[in-house]
Asker: 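First the structure, which I've put down as structure tokens, then a few questions once you've had a look.
We name chains A, B, ... by the order of the sequence lines, and we start the count at 1 in each one.
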There are 2 protein chains.
Amino acid sequence: MKVILKLIENNRYKEARSRLTQKNVVDVAYFLEEIPRKKSLVVFRILPKDFGAEVFSYMSREQQKYIAENITDKEIQLILNKLLIDDTVDFLEEMPANFVKKVLRNTDYNTRKLLNQFLSYPEYSSGSIMTIEYVDLKKEMNVEQALEHVKMTGIDKETIDTCYVIDNNRRLEGIVPLRRLVLSEHDALVEEIMDRNIIYTHTFEDQEDVATKFKKYDLISMPVVDRENRLVGIITIDDILDIIEEEATEDFQRMAGIEPTEEEYLKTSILTLSKHRVTWLLILMISATFTGNIIKQYEDVLQSAVLLAAFIPMLMDTGGNAGSQSSTLVIRGIALGEIDIKDTGKIIIKEFLVGIIVGAVLTLVNFLRLYFLEKVSFLISVAVCVSLFVTILLAKVVGGVLPIIAKRFEVDPAIMAGPLITTIVDAVALMVYFYIATTLLNL
Amino acid sequence: MKVILKLIENNRYKEARSRLTQKNVVDVAYFLEEIPRKKSLVVFRILPKDFGAEVFSYMSREQQKYIAENITDKEIQLILNKLLIDDTVDFLEEMPANFVKKVLRNTDYNTRKLLNQFLSYPEYSSGSIMTIEYVDLKKEMNVEQALEHVKMTGIDKETIDTCYVIDNNRRLEGIVPLRRLVLSEHDALVEEIMDRNIIYTHTFEDQEDVATKFKKYDLISMPVVDRENRLVGIITIDDILDIIEEEATEDFQRMAGIEPTEEEYLKTSILTLSKHRVTWLLILMISATFTGNIIKQYEDVLQSAVLLAAFIPMLMDTGGNAGSQSSTLVIRGIALGEIDIKDTGKIIIKEFLVGIIVGAVLTLVNFLRLYFLEKVSFLISVAVCVSLFVTILLAKVVGGVLPIIAKRFEVDPAIMAGPLITTIVDAVALMVYFYIATTLLNL
């Protein structure tokens, strides 16, 4: 790409174009992001229209916005006509309303109707991510007619690797992979070779559930039907891949107490980053104040045995870590569909037993260190160790159960259990600690 | 499925079989997991062989193991012959060595050679996840000959949706989607319609890098070549989907201080769960002791102003949360390939500025609460608030940079920055706090 950059710097655009068109469109899209904005506009405009439209679909939203704002309406129309409907929708969803209006005004009636339809599906639904570029067949066709029909449709995209068989009311009756058409005798009927056992989705189904079906059944594409079971579009695996990654990213963010966003970190402004983080930090800071109040209540105890304060970080941290381990495993298990509400009992038992084993090991190590190595008094050592054990046990069970409770109340487990678990466990740890210490030390 | 369960309970296997074979193989595999083990064996044996082999490939490892151990060698051979080579390899990799030997002894020479070859590719490499079921063409063929060749190969699998063009030394020259063969004129040469711009992988490449390429280029399959650039297999998207999910799961686990495992939570034994968690808990507990030692050093200070202890949880928690937010975003950014070592400078500036904004908001809220609401003395309020601000600022920068440092030293960012960040920030928070408090309060 360095050569091309040089050609562009020297304004040798024609040579640059002929080199660029030999590259993969994805690489060209990346390349345009890296060169100065103004140059990228010039380069984009010299690309052949078809090639340019494909490159456009792989650009970042900001780059698309910049290009769209700086080319003529006619050029936009040309690009949008070449784009797949679902790519156009993705793009329009992010653009300002008056820009969208302008685009819709300029497209022909049928495209406009389609775009409007797509834009009205709820975000994150099957309808919003489907494409309408697919091949439909009739079961009465024979293989030869079917192949002829495929050729007439003539889309050279992954979306025709599977063909969909519909009746006269467009109701879905079966699917036939294109390869099976190729492999079958010319006079066989589509009806004879189609699969009737179809995994499909409704337009309003949540995209996360669709992704789960793709994974479960190892699918490459899936038909989308409306409320009357009429075929309206298909969803392809490349979009599912993005959804799976987005969902994981959102969970990472929620578990760290960040409002989820699809924007890339480096492309997000300082203010947006701050806004997404400050809410949870405030909530957690104020909750932690209550934890502090527990200490305040035991001020007299601390006054007479200040050493007790030195073990607070260790107890709080270990409790928090023990709880996070459990909640993370359960949250992820729920996200992957491996754990369900009905498993609550199993989780409690598992975490309780793991808590006993892990707690015993940690407590033992801690006692040896405190009593023999650091020569802390026997009673204080015992108080710290018993608190540690109880804290770990409680942290494990609470950490395991909290995500399930969230799920039962239809709150996102990642939100409820991620950031909150440490705060809850901290409070528990301190209460246990001071209760045990005052009892054992007679304070 | 309830009807089938009833049929099986009443030993009406023949009817159960005819109903099962109408279901999707994935659903049948799930069904077998849910019924009692002994029943599942009986049901599996009555399934038609082809259907059974497909069901087998969707079973969990334990279920496969159970079935394999309880059927005859001949039955195993029948199943393994029907399985795709990569499914067989996946299965064999998890089986005990003597079982694998037995299987290898019984397969025919060519399969054995192939299996041996696959089994010797390093785990998590392209070689270990590829399949050899693909269609290869020659560029001198015309479309008609090519289609004839596809028919002769006759595999009805997604793996033939793309055909691979090789020269006489099996070196990869181009790719042609099957649909393009269907759409092209019969006398066109493969050479004329093939893509020469091929995204491929080497057998030894890490599967995570392969997954990244799939995402970047929206691929459905990818050719695998050996060191001499000869085509040896292809990788399909369904395996990539699993890899992407596994990698995300591993990162979740590492960030929570758990040794990563692919096993499902509910299927993992208590001992294994404990083993995977105890190491990091021990390391972090011992690190937290050093944090405690900071408090010990300031015992006199605490003695004369015990109230200071009450703000420790708030400072530690807020610092930890602020740091985790930053490290989570950067770790995820690295995993998705959006952030690289060269972005270190940008990250530091971003986190520093975010730290100032977020820190200012939190400090202000905290000061209002402490001084006006809780009537804490002015000096202590100031000491707590200044410490809070400095802690947040440091936590943000450290949290943002730590994953990048890990990456530079080729340690997994999720391991290094996930569990460690809280511990590091805690120590920093306490040092800052006591330093500022002693200075301001003249203690």
Asker: Using a 3.5 Å cut-off and no angle test, enumerate the donor-acceptor pairs between side-chain atoms of residues 283-291 of chain A and protein atoms at least two apart in sequence or in another chain.
Answerer:
unit_1   : atom_1 : unit_2   : atom_2 : d
A:Ser287 : OG     : A:Ile283 : O      : 2.6
A:Thr289 : OG1    : A:Met285 : O      : 3.0
A:Thr289 : OG1    : A:Ile286 : O      : 3.1
A:Thr291 : OG1    : A:Ala288 : O      : 3.4

Asker: Please flag which part of B:Leu430 lies under 4.5 Å from any non-hydrogen atom of chain A: side chain, backbone, both or neither.
Answerer: side chain
Asker: Pick out which of B:Val361, B:Asn321, B:Val365 makes a side chain to side chain contact (heavy atoms under 4.5 Å, CB included) with A:Leu281.
Answerer: B:Asn321
Asker: Looking at every non-hydrogen atom in both residues, tell me the closest pair between A:Tyr217 and B:Tyr58 and how far apart they are.
Answerer: O-OH, 4.4 Å
Asker: Between A:Gln325 (side chain only) and B:Arg277 (backbone N and O only), is there a donor and an acceptor less than 3.5 Å apart?
Answerer: yes
Asker: Considering only NZ, NE, NH1 and NH2 on the basic side and carboxylate oxygens on the acidic side, decide whether B:Lys215 and A:Glu246 come within less than 4.0 Å.
Answerer: no
Asker: Could you measure the distance from the CG atom of B:Leu282 to the CG atom of A:Leu362? Nearest 0.5 Å is fine.
Answerer: 4.5 Å
Asker: Does A:Lys350 reach the main-chain N or O of B:Leu266 with its side chain, forming a donor-acceptor pair under 3.5 Å?
Answerer: yes
Asker: Start with the C-alpha distance between B:Tyr265 and A:Asp343, add both sets of side-chain angles, then the distance that settles side-chain hydrogen bond (donor to acceptor under 3.5 Å, both in side chains), and finish with yes or no.
Answerer: CA-CA 11 Å; B:Tyr265 172 83; A:Asp343 302 312; over 6 Å; no
Asker: If we define contacts as heavy-atom pairs under 4.5 Å, which of B:Leu315, B:Ile357, B:Thr318, B:Leu370 has the most with chain A?
Answerer: B:Ile357
Asker: Output the distance between atom CG (B:Leu302) and atom CG (A:Leu308), rounded to the nearest 0.5 Å.
Answerer: 11.5 Å
Asker: Using a 3.5 Å distance criterion without hydrogens, assess whether the side chain of B:Gln303 forms a donor-acceptor pair with backbone atoms of A:Gln303.
Answerer: yes
Asker: Looking at every heavy atom in both B:Val150 and A:Val182, which two are closest together, and how far apart are they?
Answerer: CG1-CG1, 4.4 Å
Asker: Against chain A, label B:Ile199 side chain, backbone, both or neither, depending on which of its atoms sit under 4.5 Å from a heavy atom there.
Answerer: side chain
Asker: According to the salt bridge (Lys or Arg N to Asp or Glu O under 4.0 Å) rule, which pairs have a member within residues 296-320 of chain A, sequence neighbours left out?
Answerer: A:Lys296-B:Glu374
Asker: Measure B:Thr328 against the heavy atoms of chain A and call it side chain, backbone, both or neither at under 4.5 Å.
Answerer: side chain
